[in-house]
Amino acid sequence: MRKSITVLTTLFLLLAMTATASASGNGWRSDSPAGSVKVSSDRKHITVCDLQHDTTEVWAEYATSFLLMHTVKAEKAGGFECGEDTVFFGYITVFKLCFRYDHAVKQCNRSVWIK
């Protein structure tokens, strides 16, 4: 019984610290003429947006504290569109904005390491 109370108390404290961290700061971002990507201050949410009305593909590549790589794409529907993703376990540690003009070679901004 005592062990389960300790575990529950620890989980509660971790959740309380996470909620406090998300309330402060503006997060991190990377921009280009083609699009933008923003990571929330709690490092759990990522949003990538396509800023052009053209055939450019825009996406973000990111890694988590569990060393997993992910991609979130701004869906094309004829204009300013965004895509979002959420990390449930761990947090985002690094991300970069990538884009491709008219099926050309992939280009990416520099990686942004979150400390």
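What you see below is based on every heavy atom in this structure, not just the backbone, and it leaves out hydrogens, waters and symmetry mates.
- Considering all non-hydrogen atoms of both residues, A34 and D50 come closest at O-OD1, 3.4 Å.
- H70 has its side chain within reach of T64: a pair of non-hydrogen atoms, C-beta onward, lies under 4.5 Å apart.
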Would you give me the side-chain donor-acceptor pairs under 3.5 Å for residues 85-101, sequence neighbours excluded?
unit_1: D85; atom_1: OD2; unit_2: Y62; atom_2: OH; d: 2.5
unit_1: T86; atom_1: OG1; unit_2: H45; atom_2: ND1; d: 3.2
unit_1: T93; atom_1: OG1; unit_2: A63; atom_2: O; d: 3.3
unit_1: R100; atom_1: NE; unit_2: A104; atom_2: O; d: 3.1
unit_1: R100; atom_1: NH1; unit_2: E57; atom_2: OE2; d: 3.4

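- Taking Ile, Leu, Val, Met, Phe, Trp and Tyr as hydrophobic and joining them when side-chain heavy atoms fall under 4.5 Å apart, one finds L67 isolated, its cluster having no other members.
- The nearest pair of heavy atoms linking K73 to V58 is CG-O, 3.6 Å.
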(request) Check step by step if side-chain contact (heavy atoms from CB on, under 4.5 Å) holds for V37 and T47. (result) CA-CA 6 Å; V37 61; T47 302; over 6 Å; no
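- No donor-acceptor distance shorter than 3.5 angstrom exists from the side chain of K38 to the backbone of C49, with no hydrogens or angles considered.
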(request) List the steps, then state whether side-chain contact (heavy atoms from CB on, under 4.5 Å) holds for K106 with E61. (result) CA-CA 12 Å; K106 166 180 135 176; E61 297 175 355; 3.0 Å; yes
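- How far OG of S40 is from CD1 of I46: 9.0 Å, rounded to the nearest 0.5 Å.
- Evaluation of the side chain to side chain donor-acceptor pair (under 3.5 Å) rule for S30 yields N109 as partners, not counting sequence neighbours.
- In this structure, CD on E81 lies 9.0 Å from NE2 on H53, to the nearest 0.5 angstrom.
- Residues I114 and V39 have side chains in contact (heavy-atom distance under 4.5 Å, counting atoms from C-beta outward).
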